[in-house]
Protein chains: 2
Amino acid sequence: MHAPTEARPLYAQVKALIIQRLLQGTWRPGEALPNEFQLAADFGVSQGTVRKALDELAQENIVVRYQGKGTFVAEHTPHRSLFHFFRLVDRDGSRHTPQSQWLDCGRRTATPLECERLDLTEGAEVFFIRRLRSLSDVPALVETIVVNSSLLPDLDREGRGLNTLYDFYQSRYGVMVVKSSEFLSAVAATKEEAGILGVTPGHPLLQIDRSAWGLDGRIVEWRLSRCLTDRFRYFTELM
Amino acid sequence: MHAPTEARPLYAQVKALIIQRLLQGTWRPGEALPNEFQLAADFGVSQGTVRKALDELAQENIVVRYQGKGTFVAEHTPHRSLFHFFRLVDRDGSRHTPQSQWLDCGRRTATPLECERLDLTEGAEVFFIRRLRSLSDVPALVETIVVNSSLLPDLDREGRGLNTLYDFYQSRYGVMVVKSSEFLSAVAATKEEAGILGVTPGHPLLQIDRSAWGLDGRIVEWRLSRCLTDRFRYFTELM
DNA sequence: TAGTGGTCTAGACCACTAG
DNA sequence: TAGTGGTCTAGACCACTAC
């Protein structure tokens, strides 16, 4: 039986309840959820309804399901972070693992643009990282990462020098990045960028303006990357 | 009952059979498919199995389902083509419909690069289009489109001046574009491009190298677009 | 009112994993 | 062998559409 007051389908309600528990930390990253029948009994619905909820969560990379083993909270390993969110690939389509070199970082008041992108009120404090990323030891991009410092406190102390951040956000703060959107454009390298990347000023760079959202729907991070695409290209698929 | 010789799940077999019928033209674009029970009886499976096949086809934009109405072959209207495959949006995220001006077109022997991209043997004939696309009457990009002329014969006679091609491929040839992949990079405008787009040579342009595949898995088209991103940006989402 | 897809249930059996 | 998710079925009822 279910209450007729709630308009959404049952499976959507179950899905929301599971997300709620994930946010509360009921199950940690990598941990197994109870099996379908246990969840079904728990929520007072049939196993098929739980299945539909879990299938949707699996499709959104929030849980991972293995036949014969169980359903697990998706873990943002460095490999997964890179494979999923880092879209620069070699000319032949192959992927390489980037290295990171931190150039600068610290806390400061958010700029108006950052407030807009991070959905912050004027004057809020943010933590920023400026870093150089290389592929096969060749400088590939410079980027500025800005995070809401209330969402990820002490990142400046604990995260220094990290290469992949999304897995750190999850393991350290329980913040799971589940979606990002990007605006791409072609720009000319500034003098500073040209110096870092080893090209002449004005060299065409691919600018990636990315916002990343967490499981709770709040914006976690904004980053602006300026990439050399002489050796590597940005790959995407549309279906 | 089902034959135990086939390893794939039943719903996947049903899905493949439906795709086969779509390729044969059993149901035309925009037409309704038989309802779930009719298809189930037809294929000798249960309605739930047909549903799973149709749900996957709907997710891949191959069919469209409306509660109370039926399941229809997805129609590549100009609007859908643009909304789905044309990724340039205004700075504020809003979409505009581009206009097209054909600069050149014709038949010729494919270049080695085109043979590679279109999976053609050396010396094959292709049809090409070179056109300028504008947004709100402002030149936005120049692109070269190359198609396999055996897959889309007489496109040069019948398609002259068209703005959106994917819906034409479908309505004229029954070729449905279902997937594309793109490689993006930042490049410097050539003299010719600069002239057409109204900028100075060397101006940064976003290059989009796109291949598009049909329902049968064959490559339909390759295009290389070089876009001004001063006013517009390329938008994409990662989940 | 009849026909469609959408949801929900209950139960059977299969395929894979692990001790 | 026991436990998990994956597939498949059968049937009930709901929500929406069109006449």
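By convention in this document, chain letters (A, B, ...) are assigned in the order of the sequence lines, proteins followed by strands, and residues within each chain are numbered from 1. These figures come from a predicted structure and were not determined experimentally.
- Rounding to whole angstrom units, CG of residue Leu39(B) and C1' of dG5(C) are separated by 12 Å.
- Between Gly68(A) and Gln47(A), the residue whose closest nucleotide on DNA chain D is further toward the 5' end is Gly68(A).
- Look at CZ on Phe43(B): it is 13 Å from P on dT9(D), rounded to the nearest Å.
- For Glu36(B) and dG11(D), the CD to C1' distance is 14 Å, given to the nearest whole Å.
- The shortest heavy-atom contact between Ser100(A) and Arg133(A) is OG-NE, 3.1 Å.
- Nucleotide dC16(D) has dG3(C) as its partner under the Watson-Crick or G-U criteria, with both atom distances under 3.5 Å.
- Atoms CZ (Arg8(A)) and C1' (dA15(D)) sit 18 Å apart, rounded to a whole Å.
- Side-chain atoms of Leu155(A) and Ser149(A), non-hydrogen and from C-beta on, never get closer than 4.5 Å to each other.
- Considering only the side chain of Gln67(B), dG5(C) comes nearest among dG5(C), dC8(D), dG6(D).
- Between Leu54(A) atom CG and dG6(D) atom C1' there is a gap of 13 Å when expressed in whole angstrom units.
- Distances from the side chain of Lys69(B) to the nucleotides dT17(D), dC8(D), dC8(C) place dT17(D) closest.
- Following rounding to the nearest Å, Phe72(A) (CZ) and dG5(D) (C1') show an atom-to-atom distance of 10 Å.
- Taking 3.5 Å as the limit, the base of dG5(D) and the side chain of Arg51(A) contain no donor-acceptor pair of atoms between them.
- Within the structure, a side-chain polar atom (N or O) of Lys52(A) is placed less than 4.0 Å from OP1 or OP2 of dT7(C).
- Atom CG in Asp55(B) sits about 14 Å away from atom P in dC8(C), given to the nearest Å.
- In this structure dC8(D) sits in a base pair with dG11(C), meeting the Watson-Crick or G-U test at under 3.5 Å.
- Of the candidate nucleotides dC8(D), dT4(C), dT4(D), dT4(C) has the atom lying nearest to any side-chain atom of Asn35(B).
- Regarding contacts with the backbone of dG6(C), a side-chain N or O of Arg65(B) is found under 4.0 angstrom from either OP1 or OP2.
- Between Phe183(A) and Tyr234(B), the distance from one ring center to the other does not fall under 6.0 angstrom.
- Ring pair Phe85(A)/His76(A) is tilted by interplanar angle, where 30° to 60° counts as tilted.
- Look at Arg65(B) and Glu36(B) and you find a salt bridge, because one of the NZ, NE, NH1 or NH2 atoms lies within 4.0 Å of a carboxylate O, short of that distance.
- In this structure, of dG6(C), dT7(C), dG5(D), it is dG5(D) that holds the atom nearest to the side chain of Thr71(A).
- A donor-acceptor pair is defined here as one N or O able to donate and one able to accept, closer than 3.5 Å; no such pair exists between the side chain of Gln170(A) and the backbone of Asp167(A).
- Side-chain proximity of Ser46(B) to the nucleotides dT9(D), dG5(D), dT9(C) is greatest for dT9(D).
- Atom pair Glu31(A):CD and dT4(D):P shows a separation of 15 Å (rounding to whole Å applied).
- Between Val50(A) and Tyr66(A), the residue anchored nearer the 5' end of DNA chain C, judged by the nucleotide with its closest heavy atom, is Val50(A).
- Remark: Thr49(B) is not in phosphate contact with dT7(D), judged by side-chain N or O atoms under 4.0 Å from OP1 or OP2.
- A sub-4.0 Å separation between OP1 or OP2 of dT7(D) and a side-chain N or O of Tyr11(B) is present.
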